[in-house]
A.B. asks: 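Got a structure here, written out as structure tokens. Questions coming.
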Amino acid sequence: MAFALSYSLCFLLILLQLLSFSTMAPQTYKNISLGSSLIAQENNSFWASPSGEFSFGFQNIGNDGFLLAIWFNKIPERTIVWSANGNSLVQRGSTVELTSDGQLLLIDIATGKEISVASSAGTGVTHAAMLDSGNFVLANQNSISLWESFNRPTDTILPTQTLGQGSILYAPYAKTNYSKGRFLLTLQSDGNFVFYTTYFPLDSPNVHYWYTETEGSGFEVIFNQSGSIYVTAQNGSILYVLSSNDVNAVSTQDYYQRATLDYDGVFRPYIYPKSNSSIERAWSTLVFTPPNICTSVLEITGGGACGFNSLCRNDDLEGPTCQCPYGYNFTDPNDLLKGCKQEFVSQSCEEASQKTDLFYLHEMRSTDWATSANYEYFQPVTEDWCRQSCLGDCFCDIAFYSDQICWKKSIPLSNGRIDRSSDWKALVKIRNQNSSSRITGADSGKKDNSALILQGLVFLISSSLFLFLCLIATCLLVYRIYHRIAKVSKLYPTIEGVNLRCFTYMELKEATDGFKNELGHGAFATVFKGVLRMIRSSKPKRAQLAEQNYRNLIQLLGFCNEGQHRILVYELMSNGTLASFLFGEKQIALGIARGLLYLHEDCSSQIIHCDIKPENVLLDDTFTARIADFGLAKLLGTDQTRTITAIRGTKGYVAPEWFKALPITVKVDVYSYGILLLEIICCRKNFEVEATDENEMILADWAYDCYNQRKLHLLLDGDDEAMDDIRKVEKCVMTALWCIQQDPSLRPTMKDVTQMLEGTVEISIPPNPSFS
Ligand SMILES: *[C@@H]1O[C@H](CO)[C@@H](O)[C@H](O)[C@H]1NC(C)=O
Ligand SMILES: *[C@@H]1O[C@H](CO)[C@@H](O)[C@H](O)[C@H]1NC(C)=O
Ligand SMILES: *[C@@H]1O[C@H](CO)[C@@H](O)[C@H](O)[C@H]1NC(C)=O
Ligand SMILES: *[C@@H]1O[C@H](CO)[C@@H](O)[C@H](O)[C@H]1NC(C)=O
Ligand SMILES: *[C@@H]1O[C@H](CO)[C@@H](O)[C@H](O)[C@H]1NC(C)=O
Ligand SMILES: *[C@@H]1O[C@H](CO)[C@@H](O)[C@H](O)[C@H]1NC(C)=O
Ligand SMILES: *[C@@H]1O[C@H](CO)[C@@H](O)[C@H](O)[C@H]1NC(C)=O
Ligand SMILES: *[C@@H]1O[C@H](CO)[C@@H](O)[C@H](O)[C@H]1NC(C)=O
């Protein structure tokens, strides 16, 4: 309402100003006579001011069309200070014409539409002129201005220009998009000089973010000859100085000057050296109004200075920059004020109620979305309680915790800013990158959902001391892995020990519905499927650990140790085991190799898995292979590279040294891996009693024969896809044959294996594995 009123006042004031201008000192007029016109075309036609410093005419804006504008004509940037049609560029061939009755008409060639840029018809206009001040005028025969571009500013004011009450500057939409943007400033009819956000795409004001508090006395905003900007009262006294120039340092003689409400909502006075000798020829500024827009803008509706879900960071030299919180990305990379979107599919309420590890909370400090509505509030609670509450609540996209207080908010978040003074810890909910139900089709949605519920459960039947030691060994392994994670990510500096949960037997009994759903059993354990209601949170962020090979190991979630009940709880891999998905892609083979390499070399203690076989390789939703079942794993001391131990493993995959009472090294895993690799390549079991040809019964022998006789295609059993890439197949077979050498010292290390598979090393011709 107040705004509409100021428009009508503005009209009166402009008329008043016309009178005052007529008394100004005469300027050099380079007359543009009635009937003159300009055509929008590449080799810019324009009307220049007598000094040539300013021009009026068409500027080509990228490939989007032409803008009728005034610009600094002597600098390479040709910086635009005024424009007529920012909201609707015109096409090549359009014209602007000073009509015989004194109107300035823009004629769009594409639509034939006539836009009246300046209408002073009937007031006796005899000519137009581009003045050296940057003001374009229509004047009468006494050279009295009847229309001035200075009275219709767009986003910029120039020295000698004033803003009367009701004047408005609109920020452009973007650096090179001159349509009205998201901010405006105005000297209100009440005298206050106020900056507003707009109800974009409407240009009406939304919320003010800066003002001079000069209501009742403010009369004009003056950009004076020497480059100072201030608000004056009617009697000429200065009420508020926005920017004061040291005339001796920066004079209008040596510098071009302008003050612009930039697209980011900051009003900046700029200077540009006129002389060529100056080192830096560019627009520069040091004064920002407001000084920190990130903390100034507080919209009740709307996204704030940087748009929804984004974070505004103020830089003392550059002003505001917009960024997205972790897990979010710009809605439009070319329009950073448009806010950020989640890079993942939001949590569904089913997912939330199941409380799996599909989501985690990313911790951010010094960030604030304080004005976003909180829909829930809790006090007094612990941080862990707050985390659990958010993870288990599909409405919660971000939680804030500080000093026993927990807030919950949902997207879109508004007025985000980096605020170092904030004590709040923001916890942003993010989907684990490689979890299921990512941006997959609707058809996979249902399957994913069921997969999410499931948690693996290893139920150890026996309670021998050995098994307990294995449990400890496994825990140690997992501890080490997590220890690394904590170091690498630095995200959870206060990671409390390991993320292992101690389950009660009753909990697990309930989760498995009385151990009903058996998935399979091995030498020492039976595996059941179950659904867990509660999982300890503060999971390390997986995405960040992409380079860590630990991801090729299955994740242990917790354990139960109550009397004779010794149970390990693992995450369930929804794609089943490799045994049930045996067609080989090199990536899976490589994934397993990396997992083993990690165990063999990257752990601070060497670990021999001892039982590599298809059943112990699980595939997650992205078909990333993970090694499971450390039930038989052997932990070697730091200086120990070999060990004597009783035979372990599964027939068919065990290395020959097991049978020869020889010392066991990591090479036993390499052997098992070689067999596994052959199975992946040939898509069959290691040992097939029912094989039609006796020679084909033992895969290892058959594979070598095929390789030796250059008949690899026989191994592929008509798999066209693999046939197409026989070179790759051959490399894999050669690698596998090296792995299954009788003599452990001939076998490559897992590091060699990964390099062979990656193709970074040459593979020499493998000898027959059956002899040594
Ligand atoms: C400028 O444009 C006109 C009309 O399109 C053309 O005739 C002329 O050759 C152009 N001049 C240059 C220097 O490109
Ligand atoms: C500009 O036009 C006005 C009115 O037609 C005339 O009085 C004045 O002398 C002209 N100025 C120049 C520099 O031609
Ligand atoms: C400028 O931005 C507005 C608002 O998003 C858009 O509608 C218009 O197409 C843009 N103009 C150009 C030339 O890109
Ligand atoms: C000018 O106007 C301002 C505000 O209206 C007032 O505070 C000040 O005293 C006046 N100064 C003079 C010299 O009249
Ligand atoms: C412009 O304003 C500044 C600061 O108020 C003042 O020092 C300077 O004399 C003014 N210059 C002119 C030309 O009025
Ligand atoms: C700057 O240099 C260019 C060419 O080097 C020359 O055309 C121009 O007149 C110079 N401008 C000034 C202000 O010295
Ligand atoms: C964000 O989006 C851009 C462009 O779409 C893309 O290149 C970039 O990788 C994305 N960033 C993240 C973190 O996803
Ligand atoms: C997630 O999957 C992608 C491709 O499937 C893979 O490149 C990336 O390394 C995986 N990240 C983790 C943490 O497993």
Side-chain angles (χ1 to χ4, degrees), residues 470 473-474 476-478 480-481 484 545 547-556 570 573 577-579 582 584-620 623-636 640-643 645 648-650 652-655 657-658 664-681 686 700 731-732 734-741 744-761 763:
C470 274
T474 313
L476 274 175
L477 161 75
V478 174
R480 289 222 155 79
I481 293 165
R484 274 161 169 261
L545 295 159
E547 303 314 320
Q548 294 290 309
N549 287 321
Y550 94 102
R551 75 172 188 277
N552 293 118
L553 307 176
I554 192 172
Q555 191 171 4
L556 180 69
Y570 287 100
M573 293 286 127
T577 65
L578 190 56
L582 239 184
E585 238 184 277
K586 193 172 142 211
Q587 283 310 311
I588 292 173
L590 193 57
I592 304 165
R594 286 190 180 134
L596 272 176
L597 172 61
Y598 181 80
L599 290 180
H600 290 175
E601 290 187 31
D602 292 351
C603 286
S604 34
S605 271
Q606 257 193 346
I607 295 161
I608 309 179
H609 185 282
C610 303
D611 198 13
I612 291 297
K613 58 177 176 178
E615 287 80 3
N616 285 343
V617 176
L618 307 185
L619 297 176
D620 71 10
F623 294 103
T624 301
R626 302 212 198 189
I627 298 169
D629 197 349
F630 293 91
L632 303 180
K634 183 87 182 142
L635 202 61
L636 297 182
Q640 204 180 357
T641 55
R642 39 178 53 197
T643 176
T645 181
R648 300 177 187 177
T650 304
Y653 300 92
V654 239
E657 55 264 43
W658 286 110
I664 298 307
T665 64
V666 290
K667 294 291 180 71
V668 299
D669 283 345
V670 177
Y671 183 92
S672 307
Y673 176 80
I675 299 288
L676 178 65
L677 184 53
L678 284 178
E679 290 186 327
I680 293 174
I681 297 162
N686 166 38
K731 270 192 178 168
C732 290
M734 287 164 82
T735 309
L737 291 174
W738 274 111
C739 289
I740 58 173
Q741 293 297 313
S745 65
L746 285 181
R747 291 174 212 151
T749 64
M750 284 318 293
K751 190 171 186 80
D752 298 332
V753 171
T754 55
Q755 287 172 345
M756 288 168 160
L757 292 176
E758 282 163 351
T760 51
V761 294
I763 309 171

A.B. asks: Within the distance-only criterion (no hydrogens, no angle test), does the side chain of Thr760 pair as donor or acceptor with the backbone N or O of Gln755 below 3.5 angstrom?
C.D. replies: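 Flag set: sc Thr760 to bb Gln755 pair under 3.5 Å.
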A.B. asks: Is it the case that the side chains of Asp752 and Thr749 hold a donor-acceptor pair, with the cut-off being a distance below 3.5 Å and no angle test?
C.D. replies: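 Yes, side-chain donor-acceptor contact under 3.5 Å.
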A.B. asks: Applying side-chain contact (heavy atoms from CB on, under 4.5 Å), name anything that partners Pro744, two or more places apart in sequence or on another chain.
C.D. replies: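 Once residues adjacent in sequence are excluded, the partners of Pro744 under the side-chain contact (heavy atoms from CB on, under 4.5 Å) criterion are Glu657, Lys667, Arg747.
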A.B. asks: Test of understanding: with side chain to side chain donor-acceptor pair (under 3.5 Å), list the residues that count as partners of Ser745, not counting sequence neighbours.
C.D. replies: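 Expected list: Asp743.
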A.B. asks: Working to the nearest 0.5 angstrom, can you tell me the gap between Ile681 CD1 and Leu676 CG?
C.D. replies: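 The CG atom of Leu676 is 9.5 Å from CD1 of Ile681, to the nearest 0.5 Å.
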A.B. asks: Could you check Leu599 against Asp669 for side chain to side chain contact (heavy atoms under 4.5 Å, CB included), going step by step and ending with a plain yes or no?
C.D. replies: CA-CA 10 Å; Leu599 290 180; Asp669 283 345; 5.5 Å; no
A.B. asks: With rounding to the nearest 0.5 angstrom, report the CD1 to CD1 distance, Ile680 to Ile592.
C.D. replies: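 One finds 4.0 Å between CD1 of Ile680 and CD1 of Ile592.
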A.B. asks: Is any side-chain heavy atom of Ile763 closer than 4.5 Å to a side-chain heavy atom of Lys731?
C.D. replies: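 Touching, per the 4.5 Å side-chain cut-off.
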A.B. asks: I'd like to know whether Val654 forms a side chain to side chain contact (heavy atoms under 4.5 Å, CB included) with Val668, so could you lay out the CA-CA distance, the side-chain angles of the two residues, the decisive distance to 0.1 Å, and finally the verdict.
C.D. replies: CA-CA 7 Å; Val654 239; Val668 299; over 6 Å; no
A.B. asks: Grab the two heavy atoms, one from Ala593 and one from Thr754, that are nearest each other, plus how far apart they are.
C.D. replies: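 Heavy atoms only, the tightest pair is CB-CG2, 3.7 Å.
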A.B. asks: Check Cys732 against Leu757 and note the closest heavy-atom contact, atom names and distance.
C.D. replies: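 Scanning both residues completely, I find the closest heavy atoms to be SG-CD2, 4.1 Å.
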A.B. asks: Please find the pair of heavy atoms, one from His600 and one from Val666, that lie closest to each other, and give the distance.
C.D. replies: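 What the structure gives for the nearest pair is CE1-O, 3.4 Å.
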A.B. asks: What residues, two or more places apart in sequence or in another chain, satisfy side-chain contact (heavy atoms from CB on, under 4.5 Å) together with Ala736?
C.D. replies: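 Once residues adjacent in sequence are excluded, the partners of Ala736 under the side-chain contact (heavy atoms from CB on, under 4.5 Å) criterion are Leu677, Leu678.
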A.B. asks: Can you name the nearest heavy-atom pair linking Tyr653 to Glu679, along with the distance?
C.D. replies: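 So the two residues come closest at OH-OE2, 2.7 Å.
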A.B. asks: Closest heavy-atom contact between Cys739 and Gly674?
C.D. replies: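 For Cys739 versus Gly674, the nearest heavy atoms are CB-CA, 3.5 Å.
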A.B. asks: State, yes or no, whether a side-chain contact exists between Leu596 and Val753 at a heavy-atom distance under 4.5 Å.
C.D. replies: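 No; the side chains remain at least 4.5 Å from each other.
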A.B. asks: Enter the distance from Tyr673:OH to Thr735:OG1 here, rounded to the nearest 0.5 Å.
C.D. replies: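 Spacing of OH (Tyr673) from OG1 (Thr735) equals 8.0 Å.
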A.B. asks: Calculate, to the nearest 0.5 Å, the distance between atoms CE and CE belonging to Met750 and Met756 respectively.
C.D. replies: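 The CE atom of Met756 is 10.5 Å from CE of Met750, to the nearest 0.5 Å.
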